[in-house]
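Heads up, the thing below is written out as structure tokens.
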Amino acid sequence: MRLDKLLSNSGFGARSQVKRLIRKGHVTVNGEVVKDPAFHVDPERDEVLVDGEPVFYEENYYVVLNKPAGYVTSTKDRELTVMELLSDLPRFERLFPVGRLDKDAEGLLLLTTDGELAHRLTHPKWKVPKKYYVVVEGKLTEEDVEPLRKGMELKDFKAKPAKVKILKAGEEESEAEIEITEGKYHQVKRMFSAVGHPVKYLRRVEFGGLKLGELSTGHYRHLTDEEVKKLKESVGLNP
Ligand code: URA
């Protein structure tokens, strides 16, 4: 495998950071300084050192969690974090969440050790779709959701057009699905509040083609190889 990939997978930073490290001569392979990030190494056999410290190769891994309400999306916090739900996984401390869900929100949260993929999935350039199921206050009409579909001005930014489907419209509350490609703070809540229908419940059901499916609340599963491949391809990475 490429030297820069090995270092990036082993926790030395994103591809661009490890390239710099290599070019500056911090890395040796079998005792020789190598300055070419594309240099091929065999992680099982070659001895790779960064500033004299050995590099232990670890495969990246990818899990999807059905987050319950009441957990903060963070690796460290004074409050209960989503990491509590993954602590039986080996090397779980190396996982980090891709994007955020509010403390009171539920649903699909991707976590990975793969810094490059995580970076791209949250970068606006790649417009990764995120779908939410929401319960809102009051009777939601097609007219009400028009601004969400057209794109709307919020306090600090203009939300791009969203796909919105009304599932049920009752007098007291309504249910809907909304798909957005951005991920600003409280975005879905702010969009519905702006048209007079505050969100009472929010669950993410899809993220970049990944589906929550049958996964019960509070549980996680590993992504299949096929799911990882598709996710990578969707943000221009060759698996
Ligand atoms: N939008 C929100 O308002 N909250 C979330 O947790 C995710 C999207």
Side-chain angles (χ1 to χ4, degrees), residues 63-86 95-112 117-138 140 144-168 173-213 215-220 231 234-235:
V63 292
V64 54
L65 170 73
N66 187 348
K67 177 194 172 298
Y71 289 78
V72 180
T73 307
S74 164
T75 50
K76 282 195 197 82
D77 204 281
R78 272 177 307 164
E79 296 188 79
L80 204 57
T81 74
V82 289
M83 303 314 280
E84 309 277 341
L85 301 160
L86 302 153
L95 282 173
F96 45 88
V98 181
R100 271 169 190 280
L101 280 175
D102 295 337
K103 185 178 171 189
D104 62 358
E106 296 189 351
L108 197 162
L109 184 66
L110 174 68
L111 298 105
T112 181
L117 179 67
H119 174 70
R120 292 199 183 197
L121 286 171
T122 47
H123 196 286
K125 171 181 167 186
W126 297 100
K127 300 188 179 69
V128 173
K130 289 152 275 248
K131 194 190 269 184
Y132 300 87
Y133 163 82
V134 290
V135 179
V136 301
E137 287 180 19
L140 200 57
D144 292 336
V145 297
E146 212 37 46
L148 282 68
R149 289 180 176 145
K150 284 205 169 116
M152 67 198 294
E153 209 65 62
L154 294 171
K155 215 169 165 191
D156 52 349
F157 86 112
K158 186 169 190 295
K160 295 215 168 68
K163 290 183 191 158
V164 187
K165 195 162 142 194
I166 299 173
L167 303 172
K168 198 167 155 191
E173 62 177 37
S174 304
E175 295 169 38
E177 246 174 24
I178 175 165
E179 186 180 301
I180 57 174
T181 55
E182 303 144 301
K184 289 276 197 280
Y185 184 64
H186 286 171
Q187 183 166 340
V188 171
K189 290 178 183 165
R190 287 160 67 196
M191 288 169 84
F192 280 100
S193 279
V195 293
H197 295 280
V199 170
K200 295 166 71 172
Y201 174 79
L202 183 146
R203 181 169 77 232
R204 181 151 67 198
V205 291
E206 283 184 36
F207 178 88
L210 282 180
K211 287 191 177 27
L212 199 50
L215 194 61
S216 49
T217 310
H219 288 75
Y220 67 82
L231 264 187
S234 77
V235 292

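Just follow the structure's listing: the first ligand is 1, and inside any ligand the first atom is 1.
Counting the atoms of ligand 1 from 1 in the order shown, those under 4.0 Å from a heavy atom of Q187 are 1 (N), 2 (C), 3 (O). The atoms of ligand 1 that sit less than 4.0 Å from any heavy atom of A105 are 6 (O). Residue contact check: L101 has heavy atoms under 4.0 Å from atoms 6 (O) of ligand 1.
At least one heavy atom of Y132 lies less than 4.0 angstrom from ligand 1.
Of the N and O atoms on the side chains of E175 and Y201, not one donor lies less than 3.5 Å from an acceptor on the other residue.
Counting heavy atoms of neighbouring residues, nucleotides and ligands inside a 6.0 Å radius, atom NE2 of H186 exceeds 12 of them.
One finds the CZ atom of R204 at 11.5 Å from the CD atom of E206 (value rounded to the nearest 0.5 Å). With rounding to the nearest 0.5 Å, the separation of NZ in K130 from CD in E182 is 8.0 Å.
For the pair L202 and ligand 1, the shortest N or O to N or O distance does not fall below 3.5 Å. On a distance-only criterion, D102 and ligand 1 share at least one N/O pair closer than 3.5 Å. Between R100 and ligand 1, no pair of N/O atoms sits closer than 3.5 Å.
Distance from atom 1 (N) of ligand 1 to its nearest protein heavy atom, with residue and atom name: V188 N, 3.2 Å.
With salt bridges taken as basic N to acidic carboxylate O contacts below 4.0 Å, one links D102 and K189.
Minimum heavy-atom separation, R190 to Y185: NH1-O, 2.8 Å.
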